[in-house]
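Treat the numbers as computed from the prediction; the structure is a model and nothing was measured. For the single chain, residues carry numbers from 1 onward in sequence order.
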Amino acid sequence: MLEIVVKLALVAAAFAFLPLLVGQAEHKVMAHMQGRLGPMYAGAFHGWAQLVADGVKFAQKEDVVPRDADRWVFKLAPGVALVPYLLVLLVIPVGPDGQVALDLGPGVFFALAVMGVGVIGAIMAGWASANKYSLLGGMRVAAQLMSYELPMVFAASSVAMAAGTLSLTGIVDEWRWWWLPWQAVGGVVFFVAGLAELRRPPFDMPVADSEIIFGPYTEYGGLRFALFILSEYAGIVVLCALTTVLFLGGWKGPFLDTELGWLWTLLKVFALAFCVIWLRVSYPRMREDQLQKLAWAWLVPLSLAQLALTGVLKVAL
């Protein structure tokens, strides 16, 4: 019982701390890459208090619920968007010898299914806001989810087939260094599709802040809006952790896997998170037709080809 309590406490602490760390890193990386002065000002030394200032700003804003909104759904939507990522963290192994809160047999499909539930929060927000523009934003989110869920599942299935197990811990145990070139296409497809599911730039057309005022979140303000932003950063952590476990060997590093496994996992997660921020700074937003074409004309065929290649090699070897 004590071991379970300690594991749950560590997962809760990681869920509370890591998304904030990614958010702070995004402020700083974007400030350096784009020459932004604002994020470097709060707190004097390198803008260390920027995240604190953002939190105070959100807390001070009025909590407004539209008159014609479905009040219960409107209030529940931020929680539905955020909590599923906490559940996914329960099944992600950070190190060998049981360093995971819950080692599920079908861990891969559990993680992907629960990540899909998180997107429903945005759909609920758009529908419950009693705002036709928010509803259109929610429908765009639904269309994007349906387009990019398929290549994600195919890419993850390729790794599960190669390892012969659906357990995330089992996949890391079976992983070998030569899987990097073998599963590289699947890894890129999985990561890109995950970014699109999170509606991160350049795949943020449904929530484009400069054009359609954050889509399904138009009517949200204060702490409820902050929860949606926090869910985005929590999604980044979860996506980077899943990519690490499935395609980069998880806790396996150049040396001391048993002693420093958790450190290798964190280093890979933060390296991928840096790539997520880098992509946001570097690429312009895609149009809706470009976004759908990328999914159906490129990612789905590539993920199917990766799945076929894995099947052929498994039979041949």
> Can you pull out every salt bridge (Lys or Arg N to Asp or Glu O under 4.0 Å) where at least one residue sits in residues 1-25? Sequence neighbours excluded, please.
Glu3-Lys7
> Using atom types as modelled, flag every donor-acceptor pair under 3.5 Å from a side chain in residues 143-163 to any protein atom, sequence neighbours excluded.
unit_1, atom_1, unit_2, atom_2, d
Gln144, NE2, Ala196, O, 2.6
Gln144, NE2, Phe203, O, 2.9
Ser147, OG, Ala143, O, 2.9
Ser147, OG, Gln292, OE1, 2.4
Ser147, OG, Trp296, NE1, 3.2
Tyr148, OH, Leu291, O, 2.5
Ser157, OG, Val153, O, 2.7
Ser158, OG, Gln183, OE1, 2.8
Ser158, OG, Thr310, OG1, 2.6

> Got a list of side-chain donor-acceptor pairs under 3.5 Å for residues 113-122, not counting sequence neighbours?
none

> Distance-only criterion, 3.5 Å: show the donor-acceptor pairs between side-chain atoms of residues 234-262 and protein atoms not counting sequence neighbours.
unit_1, atom_1, unit_2, atom_2, d
Thr243, OG1, Leu239, O, 2.8
Thr244, OG1, Cys240, O, 2.8
Lys252, NZ, Val172, O, 2.9
Lys252, NZ, Asp173, O, 3.1
Lys252, NZ, Trp175, O, 2.8
Asp257, OD1, Gly253, N, 2.8

> Show me the pairs that pass side-chain hydrogen bond (donor to acceptor under 3.5 Å, both in side chains) and involve residues 27-56, at least two apart or across chains.
His27-Asp54, His32-His46, Gln34-Arg36, Gln50-Asp54
> At their closest point, which heavy atom of Arg176 faces which heavy atom of Glu174, and how far apart are they?
NH1-O, 3.1 Å
> Could I get the full list of salt bridge (charged side-chain N to carboxylate O under 4.0 Å, His left out) partners for Arg67, not counting sequence neighbours?
none
> Name every donor-acceptor pair, under 3.5 Å, that has one atom in a side chain of residues 11-19 and the other anywhere in the protein, sequence neighbours excluded.
none

> Residues two or more places apart in sequence or in another chain: which of them pass salt bridge (charged side-chain N to carboxylate O under 4.0 Å, His left out) with Glu62?
none
> Return each pair, listed once, that meets salt bridge (Lys or Arg N to Asp or Glu O under 4.0 Å) where at least one residue sits in residues 221-235; pairs must be two or more places apart or across chains.
Asp63-Arg224, Arg200-Glu232
> Can you tell me which residue pairs pass the side-chain hydrogen bond (donor to acceptor under 3.5 Å, both in side chains) test with a partner in residues 70-99, sequence neighbours excluded?
none
> Under a single-linkage definition using a 4.5 Å side-chain heavy-atom cutoff for Ile, Leu, Val, Met, Phe, Trp and Tyr, are Ile92 and Leu82 assigned to the same hydrophobic cluster?
yes
> Please, which pairs that meet salt bridge (Lys or Arg N to Asp or Glu O under 4.0 Å) have at least one residue in residues 289-315, sequence neighbours excluded?
Arg287-Asp289
> Taking ILVMFWY side chains as joined if any heavy atoms are under 4.5 angstrom apart, and letting links pass through other members, which residues group with Val94?
none
> Taking the six-membered ring for Trp, are Phe225 and Phe58 parallel (under 30°), tilted (30 to 60°) or perpendicular (over 60°)?
tilted
